[in-house]
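Input: a single structure, listed below in C-alpha cells.
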Amino acid sequence: MEQYVVLQNGVKMPRIGYGTYKCTDGSDERVVRMALDAGYRMLDTAAFYGNEAYVGKAVRESGIPRKELFLTSKVWKSDLGYEKTKKSVEESLERLQTDYLDLCLIHWPKPDPESTDWKELDRGSWKALEELYHRGTVRAIGVSNFLPHHLEALMEAAEVRPMVDQLELHVGYLQEAAVQYCKSWGIQVQAWSPLGRRRVLEEPMVVKMARKYQASPAQFLLRFLLQQNIAVIPKASSMERMRQNLELPEFVITEEDMHLLRCLPQAGWSGEHPDLERVPV
C-alpha cells in the first residue's frame, strides 16, 4: 500500500502517523522519541495537548532532517477567531521550535455546544489559516471534528478548501455521512482513535476476523480504515505496539467482511461530539 496520501494541493501526508495525545503525561519526550525511532515520520500534536515542547525536543534530538518529518498541530476551541488563531499558531511554532507546520487544523468547530457565533469565529480562524498558508508558514490547512454542516458554513466564505478533516473513526463509530461528504469535496479524512477503545479491540467479530487475516486486532482495525483511503494516527506507548501499528501485514479485507464491520453496533465512542455536551462513556 502507498505510504502517503496526496492532499488537494499536492502535499504528501503519511497514511500512518503517531498520535501524541497524553503520550507525555507524567513523563517527557521519550515516548515521542521512541515513535520516531520506530519509524514514524508524522507526529500529530495540538496546543491543547500541552506537549508541543516535548514533541519539538524529540524532533531536534532525533537528528532526523525537518523536511523528512510531517508535523501537525491544532488551534484549540477557546482560540477561535482571526487574531486568537494567528497567536495560537505562532505560539505552537515557538513551542515546537520550527518555522513551519506541515498541517494546521482547527481543533473543534465550536467553543461550546451552545455557541451562537461559531460560524463567524470559524471563518475568522480560517481566514488566519489561509493567510499563514499563502505565506508558507503552514503547508496544508484543515479541520478536526467538523461535520458536514460545520464544513458547509466554513466553505461559504473560504478561499481555500479544507484539505483534511480529522474525525473520530473506528469500527463501531464510523460517521459514514461525514466521511462521504468529505470525500465528495476532495477533503482527506484522517482518523483519530482509529482503534476505538478496549471494547472494540475485544469485539468478538474483530478478534475472529483478525485471526482470519493473520493480523493482530489493532493491525486489522487500521487496515480496515486504510483500505477506505482513511489516514490514521494510532497511539501506543511501547516500541513493540508502535512497530505493529506501523508495519502492517499486507492483506485485503473482502467486501463481505467490510460490510459486516460497517454494520456492527456502536461501540468505543469517546463521548465527544461538537454539537452536544460530552457524554460519559
Side-chain angles (χ1 to χ4, degrees), residues 1 5 14-23 25 31 35 38-40 42 44 108 144-148 164-183 188-281:
M1 181 175 282
V5 293
R15 285 184 185 275
I16 304 176
Y18 180 71
T20 69
Y21 182 49
K22 291 190 174 180
C23 80
D25 286 7
V31 176
Y40 289 87
M42 177 182 182
D44 179 89
W108 288 90
S144 180
N145 303 298
F146 274 55
L147 303 179
V164 173
D165 191 357
Q166 193 181 100
L167 296 164
E168 178 180 2
L169 293 173
H170 49 78
V171 167
Y173 193 69
L174 290 171
Q175 303 208 65
E176 299 266 15
V179 170
Q180 292 310 313
Y181 182 88
C182 287
K183 289 185 175 182
Q188 175 63 49
V189 179
Q190 186 181 50
W192 65 263
S193 192
L195 304 178
R197 281 148 190 80
R198 180 172 292 182
R199 170 72 182 79
V200 180
L201 286 162
E202 295 177 354
E203 164 65 42
M205 181 70 75
V206 169
V207 173
K208 180 181 177 181
M209 285 195 187
R211 196 177 300 123
K212 170 183 172 180
Y213 289 96
Q214 298 183 320
S216 72
Q219 289 174 324
F220 178 70
L221 290 168
L222 293 175
R223 180 63 71 186
F224 169 76
L225 293 170
L226 291 167
Q227 192 167 312
Q228 300 173 74
N229 199 37
I230 295 171
V232 295
I233 44 170
K235 293 190 302 179
S237 55
S238 73
M239 178 65 83
E240 181 184 7
R241 287 185 180 174
M242 285 178 183
R243 284 183 169 148
Q244 283 182 357
N245 291 344
L246 186 62
E247 299 165 4
L248 301 180
E250 289 290 337
F251 59 88
V252 176
I253 303 171
T254 67
E255 198 61 32
E256 180 181 354
D257 288 345
M258 293 291 282
H259 286 313
L260 275 167
L261 292 163
R262 287 194 186 105
C263 295
L264 287 177
Q266 180 170 300
W269 178 41
S270 68
E272 296 193 66
H273 189 287
D275 299 310
L276 305 170
E277 294 292 344
R278 194 181 194 290
V279 179
V281 292

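Residue pairs meeting the ring-ring contact (aromatic ring centres under 6.0 Å, His included) criterion with at least one partner in residues 208-229, sequence neighbours excluded, are Tyr213-Phe220, Tyr213-Phe251. Within the structure, no pair that satisfies the salt bridge (charged side-chain N to carboxylate O under 4.0 Å, His left out) test touches residues 227-241, not counting sequence neighbours.
Although no hydrogens or angles enter the test, the distance criterion places no donor-acceptor pair under 3.5 Å between the side chain of Gln244 and the main chain of Ser216. Judged by distance alone, the side chain of Arg223 and the main-chain N or O of Pro249 form a donor-acceptor pair under 3.5 Å. Looking at Glu202, its side chain never comes within 3.5 Å of a backbone N or O of Arg197 through a donor-acceptor pair. Side-chain atoms of Tyr40 never come within 3.5 Å of backbone atoms of Gly19 as a donor-acceptor pair (strictly under, hydrogens ignored).
Interatomic distance, Thr20 OG1 to Met42 CE, rounded to the nearest 0.5 Å: 10.5 Å. Between the CG atom of Leu195 and the CD atom of Gln219 there is a distance of 10.5 Å, given to the nearest 0.5 Å. Atom CG of Leu261 sits about 10.5 Å away from atom CD of Glu256, to the nearest 0.5 Å. For the atom pair Leu225 CG and Leu174 CG, the distance stands at 7.0 Å (nearest 0.5 Å). Interatomic distance, Arg15 CZ to Leu222 CG, rounded to the nearest 0.5 Å: 13.0 Å. To the nearest 0.5 Å, the span separating CZ on Arg262 from CD on Glu255 amounts to 6.0 Å.
Between Cys182 and Asp165, the shortest heavy-atom distance links the atoms SG-OD2, 3.6 Å. Scanning all heavy atoms of the two residues, the minimum distance from Trp108 to Asn145 falls at CE2-ND2, 3.2 Å. In this structure, Pro234 and Gly17 approach most closely via the heavy-atom pair CD-O, 3.2 Å. Scanning both residues, Glu247 and Ala38, for their nearest heavy atoms gives OE2-O, 4.3 Å. The nearest pair of heavy atoms linking Ala231 to Pro14 is CB-O, 4.5 Å. Between Leu246 and Gly39, the closest heavy-atom pair is CD2-C, 3.4 Å.
Counting heavy atoms from C-beta on, the side chains of Val279 and His273 never come closer than 4.5 Å. Val232 places a side-chain heavy atom less than 4.5 Å from the side chain of Leu226. Side-chain contact between Leu221 and Val200 is present, with heavy atoms from C-beta onward closer than 4.5 Å. The closest side-chain heavy-atom distance from Leu147 to Gln175 is below 4.5 Å. Side chains of Glu203 and Met209 form no contact here, defined as non-hydrogen atoms less than 4.5 Å apart.
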Less than 3.5 Å apart, which donor and acceptor atoms pair up between the side chains of residues 166-173 and the rest of the protein, not counting sequence neighbours?
residue: Gln166; atom: NE2; partner: Asp44; partner atom: OD1; Å: 3.0
residue: Gln166; atom: NE2; partner: Gln190; partner atom: OE1; Å: 2.8
residue: Glu168; atom: OE1; partner: Ser270; partner atom: OG; Å: 2.7
residue: Glu168; atom: OE2; partner: His170; partner atom: NE2; Å: 3.1
residue: Glu168; atom: OE2; partner: Ser270; partner atom: N; Å: 2.9
residue: His170; atom: NE2; partner: Gly268; partner atom: O; Å: 3.2
residue: Tyr173; atom: OH; partner: Trp269; partner atom: NE1; Å: 3.2

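With a 6.0 Å radius and a threshold of 12 heavy atoms from other residues, nucleotides or ligands, Met258 has its CE atom above the threshold. Environment of CD in Glu176: crowded, with over 12 heavy atoms of neighbouring residues, nucleotides or ligands closer than 6.0 Å.
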